[in-house]
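These notes are about the structure you will find just below.
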Amino acid sequence: MKTIGDKLEAFRVTGVKPGFNQHEENGVSAFEDITESSFPGKWKVIYFYPKDFTQVCPTEIIGFNALADAFEERDAVLMGGSTDNEYVKLAWRRESPELSKLNHYQFGDTSGALIDQLGIRDKTEGVALRATFIIDPDNLIQHVSVNNFKVGRSPEETLRILDALLTDGLCACNRTLGGGTL
């Protein structure tokens, strides 16, 4: 598994753009190739989940979606994906009112280009582990976390970690607020 300080190498996945529920809307495609060169100068917060149309995943996706603007304010692109393809993601958005018109990217990594590079394919199930990576603008991995399939993540904690990484060498645990320690 790649870890902190490792470089994100070349990959290509099919992204589903924010705000789309159909493969084409108003003459614009919902799909976009995403590579290691996409989003220059931006941080990337990439979270993986095992499969679309599962029980734990929508809760996390909804949680990340609620914070999408906060990630954007920090010059971070938020992306969530699995090994299911882009059409499955659109179908899930149409099927689930909570996922309708998501305001962040989803992606399908059907070839495993990114999942295998990062080393997060479950050996038994063949799908992505529940992993989160925070990658800096130079494509260096700055944070990794991987959970059991049954354990969801806290999007708020991911945002807190990003905030800590964005500080100029100050440990977030040493900052004070109103006299108390965070």
Side-chain angles (χ1 to χ4, degrees), residues 1-2 6-40 42-68 71-72 76-135 139 141 144-153 155 158:
M1 181 182 310
K2 285 204 177 201
D6 288 342
K7 182 108 174 149
L8 186 63
E9 302 298 333
F11 72 90
R12 181 176 306 278
V13 295
T14 302
V16 179
K17 297 175 192 172
F20 283 80
N21 280 356
Q22 304 293 330
H23 74 280
E24 185 178 299
E25 296 180 17
N26 300 319
V28 177
S29 174
F31 307 130
E32 174 180 329
D33 281 345
I34 297 175
T35 71
E36 74 287 350
S37 300
S38 298
F39 317 112
K42 301 268 187 185
W43 286 74
K44 292 175 261 319
V45 176
I46 306 173
Y47 67 94
F48 296 87
Y49 51 90
K51 295 180 181 181
D52 295 343
F53 287 97
T54 57
Q55 294 176 349
V56 176
C57 301
T59 305
E60 291 182 325
I61 295 168
I62 294 163
F64 275 111
N65 199 56
L67 296 174
F71 284 103
E72 188 175 329
V77 177
L78 181 61
M79 298 180 276
S82 71
T83 54
D84 292 322
N85 72 34
E86 62 275 18
Y87 294 99
V88 174
K89 285 164 183 30
L90 286 175
W92 199 17
R93 288 181 181 193
R94 289 190 303 269
E95 181 73 21
S96 176
E98 298 90 1
L99 299 178
S100 180
K101 302 286 185 183
L102 282 180
N103 59 359
H104 68 279
Y105 282 89
Q106 282 186 299
F107 63 88
D109 187 7
T110 56
S111 72
L114 188 52
I115 290 165
D116 292 337
Q117 177 191 155
L118 295 171
I120 57 163
R121 185 185 296 270
D122 181 77
K123 291 177 176 94
T124 304
E125 299 293 323
V127 297
L129 294 169
R130 198 172 296 284
T132 307
F133 290 82
I134 299 177
I135 300 165
N139 279 336
I141 298 169
V144 177
S145 94
V146 182
N147 293 1
N148 181 291
F149 284 141
K150 297 177 183 177
V151 179
R153 289 163 283 205
T158 303

Worksheet item: For the atom pair OG1 (T35) and CZ (R12), what is the distance rounded to the nearest 0.5 Å?
Response: 6.0 Å
Discussion item. For K17, is the NZ atom crowded, meaning more than 12 foreign heavy atoms sit under 6.0 Å from it?
Written reply: yes
Worksheet item: So, does N139 use its side chain to make a donor-acceptor pair with the main chain of E36 at under 3.5 Å?
Response: yes
Practice prompt. Might you work through the side-chain contact (heavy atoms from CB on, under 4.5 Å) test for L129 and F48, ending with a clear yes or no?
Written response: CA-CA 7 Å; L129 294 169; F48 296 87; over 6 Å; no
Worksheet item: Quick one: which of F107, F71, F64 gives a ring pair (Phe, Tyr, Trp, His ring centres under 6.0 Å) with Y47?
Response: F64
Worksheet item: How about Q106 and I61: do any of their side-chain heavy atoms sit closer than 4.5 Å?
Response: yes
Discussion item. Between N21 and K101, does the side-chain contact (heavy atoms from CB on, under 4.5 Å) criterion hold? Intermediate values first, please.
Written reply: CA-CA 6 Å; N21 280 356; K101 302 286 185 183; 3.9 Å; yes
Discussion item. Measuring centre to centre across the rings, with the benzene-like ring taken for any Trp, is F39 within less than 6.0 Å of Y105?
Written reply: yes
Discussion item. Looking at Q117, I want to see if its CD is surrounded by more than 12 non-hydrogen atoms of other residues, nucleotides or ligands under 6.0 Å.
Written reply: yes
Worksheet item: Say you draw a straight line from CZ of F149 to NZ of K51; how long is it, rounded to the nearest 0.5 Å?
Response: 8.5 Å
Practice prompt. Can you see which heavy atom on K44 is nearest to which on K42, and at what distance?
Written response: NZ-O, 3.7 Å
Worksheet item: Taking atom CG of L90 and atom NE2 of H23, what is their separation to the nearest 0.5 Å?
Response: 9.0 Å
Discussion item. Checking N85 against T14 for the side-chain contact (heavy atoms from CB on, under 4.5 Å) test, could you report, in this order, the C-alpha distance in whole Å, the side-chain angles of both residues, the deciding distance, and whether it holds?
Written reply: CA-CA 8 Å; N85 72 34; T14 302; over 6 Å; no
Fill in: Minimal non-hydrogen separation, I34 against G15, with atom names
CD1-CA, 3.7 Å
Worksheet item: Do L8 and L114 come within less than 4.5 Å of each other through their side chains, counting heavy atoms only?
Response: yes
Practice prompt. Could you check if a side-chain atom of T59 sits within less than 4.5 angstrom of a side-chain atom of E98, using non-hydrogen atoms only?
Written response: no
Worksheet, complete the sentence: In terms of heavy-atom contacts, P50 and S82 come closest through O-CB, 3.9 Å
Worksheet item: Would R153 and T158 count as having a side-chain donor-acceptor pair, cut-off 3.5 Å?
Response: no
Discussion item. On a heavy-atom basis, which atom in K150 and which in N148 lie closest, and how many Å separate them?
Written reply: N-OD1, 2.8 Å
Worksheet item: In terms of heavy-atom contacts, does CD of E25 have more than 12 from other residues, nucleotides or ligands at under 6.0 Å?
Response: yes
Item to complete: Measure the CG-CD1 distance between D109 and I46 for me, rounded to the nearest 0.5 Å.
Response: 10.0 Å
Worksheet item: Does the side-chain contact (heavy atoms from CB on, under 4.5 Å) test come out yes or no for V16 and F31, once each step is laid out?
Response: CA-CA 5 Å; V16 179; F31 307 130; 4.1 Å; yes
Discussion item. Do the side chains of K89 and D84 get close enough for a salt bridge, i.e. N-O under 4.0 angstrom?
Written reply: no
Worksheet item: How far apart are the closest heavy atoms of R121 and T83, and which atoms are they?
Response: NH1-CG2, 4.3 Å
Worksheet entry | Where S111 and D116 come nearest, the two heavy atoms and their spacing | O-OD2, 4.2 Å
Fill in: Side chain to side chain, Q22 and R94, heavy atoms closer than 4.5 Å
yes
Discussion item. Could you check whether any side-chain heavy atom of Y49 comes within less than 4.5 Å of a side-chain heavy atom of V127, counting everything from C-beta outward?
Written reply: no
Worksheet item: What's the spacing between K2 NZ and I120 CD1 if we round to 0.5 Å?
Response: 12.0 Å
Response to the item:
Interatomic distance, CG@L78 vs CG@N103, rounded to 0.5 Å, equals 8.5 Å
